[in-house]
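Numbers here simply count residues along the sequence, with the first being 1.
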Amino acid sequence: MKHLQTGALLASVLGTGLMAGLFAAFAYAVMPGLGRSSDRTLVDAMQGINKAILNPVFMLPFMGSIPLLGLAVVLAWRGQGREALPWLIAALVLYVVAFGVTVAGNVPLNDQLDQAGDPDRIKDLAAVRADFEDKWVAWNVVRAVLHTVAFGLAAYALIVYGAHRLADDAEASRGSRPASVTQGAAGWQQPQAPVGPGPRWQPQPPQGAPQAEPGPRWEYQAAPATSPPTARR
C-alpha cells in the first residue's frame, strides 16, 4: 500500500507539472511570439498546433492526472499520509477547474479557428484572428495559473507525505531494536535492568546455566573483653 501511495503521488506531481509547464509556456512565450506575427502566420500556426497536440504524449498526463490525484486522495484517506490529504484535495479541485476551463473555453475557440478553413482561402484573416486571439490568450492564462497552483499543492503534499513517512519508519525502527545485553558473571547474557523508579528487576540465569554452590559460612565473633591485670604490691 505504501508503494502504491508513493507511486500515485509521484505520478500526480509529474502530470500536473507537465500541464502547468505547457500552458505557462504558451502564456509567456508562444502566444506573445505569435502576437508579433502576421494574421496569416498566427492562424496557420495555431491550426497546426491544435491538430498536432492531440497525441498520447499530451493526452496521457492531461487526462490521467485527474484519476491519479483522485487515487492519491483515496489512499491518503484510507492509509498513511493523512497529513497531506488537504493539499491533495485542493490540488484535485484546482486541476478539475482548470480542466473545465480548457474544455469550456479553449477547445471551442480551437474548433472555431479550425472551422475557418485554410488560411489561404480566408477572406478576412484579421477578423478571424481578432475573434480568436484575445479570448484564447485570456483563458490560457487562467488555466496556466490554476494548473501551476495545483502542481505546487501536489508537490507540497508529496513533501508532507514523505516527511511523515520517514518519521514513522524511524519510530518503527526504534521500537523494533532488541534489548541491550551485558555479560554476566557466569558467562550468560542478561538484559540490562531498566533505569528509573519501579520494582527492582532481578536477573535470572538462563535454563541450564550452572548454579553457584553455597560454600561454608564464616561468622565473625568478637573475643570476650578481659579486664586489664592489676599490679601487685
Worksheet item: Run the side-chain contact (heavy atoms from CB on, under 4.5 Å) check on Phe26 and Ile49 step by step: do they pass?
Response: CA-CA 11 Å; Phe26 268 96; Ile49 290 174; 3.7 Å; yes
Worksheet item: Does atom CH2 of Trp139 have more than 12 heavy-atom neighbours from other groups under 6.0 Å away?
Response: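 Incorrect, the count does not exceed 12.
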Item to complete: Please check if atom OH in Tyr156 has more than 12 non-hydrogen atoms from other residues, nucleotides or ligands closer than 6.0 Å.
Response: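 Check fails, neighbour count at 12 or below.
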Any side-chain to backbone donor/acceptor pair from [X] onto [Y]? Under 3.5 Å, distance only.
X      : Y      : value
Asn106 : Val103 : no
Arg143 : Thr102 : no
Gln47  : Gly117 : yes
Asp111 : Leu109 : no
Asn140 : Phe23  : yes

Worksheet entry | Trp77/Arg82 under side-chain contact (heavy atoms from CB on, under 4.5 Å): CA gap, chis, key distance, verdict | CA-CA 6 Å; Trp77 179 269; Arg82 290 182 66 91; 4.0 Å; yes
In the single-linkage hydrophobic clustering (I, L, V, M, F, W, Y; side-chain heavy atoms under 4.5 Å), do [X] and [Y] co-cluster?
X      : Y      : value
Met19  : Val93  : yes
Ile53  : Val30  : yes
Leu10  : Trp87  : yes
Leu22  : Val96  : yes
Trp136 : Val128 : yes

Which heavy atom in [X] sits nearest to a heavy atom in [Y], and how many Å separate them?
X     : Y      : value
Ala76 : Gln5   : CA-NE2, 3.4 Å
Leu94 : Leu146 : CD2-CD2, 4.0 Å
Leu69 : Ala91  : CD1-O, 4.1 Å
Ala90 : Leu153 : CB-CD1, 3.6 Å
Pro56 : Pro61  : O-CD, 4.2 Å
Gly35 : Arg129 : O-NH2, 3.0 Å

4.5 Å side-chain heavy-atom contact, [X] and [Y]:
X      : Y      : value
Phe58  : Leu18  : no
Phe132 : Val43  : no
Met31  : Met46  : yes
Asn50  : Asp114 : no
Asp131 : Leu113 : no
Tyr161 : Glu83  : no

Worksheet item: Among all residues two or more places apart in sequence or in another chain, which pass the side chain to side chain contact (heavy atoms under 4.5 Å, CB included) test with Ser65?
Response: Thr16, Tyr95
Worksheet item: Between Met63 and Phe99, is a side-chain contact (heavy atoms from CB on, under 4.5 Å) present by the stated rule, with each step listed?
Response: CA-CA 9 Å; Met63 302 287 293; Phe99 185 86; 3.6 Å; yes
Worksheet item: Listed by chain and number, what are the salt bridge (Lys or Arg N to Asp or Glu O under 4.0 Å) partners of Arg40, not counting sequence neighbours?
Response: Asp44, Asp120
For the [atom1] atom of [X] and the [atom2] atom of [Y], what is their distance to the nearest 0.5 Å?
X      : Y     : atom1 : atom2 : answer
Ser12  : Leu71 : OG    : CG    : 7.5 Å
Leu125 : Ser38 : CG    : OG    : 8.5 Å
Leu158 : Thr6  : CG    : OG1   : 8.0 Å

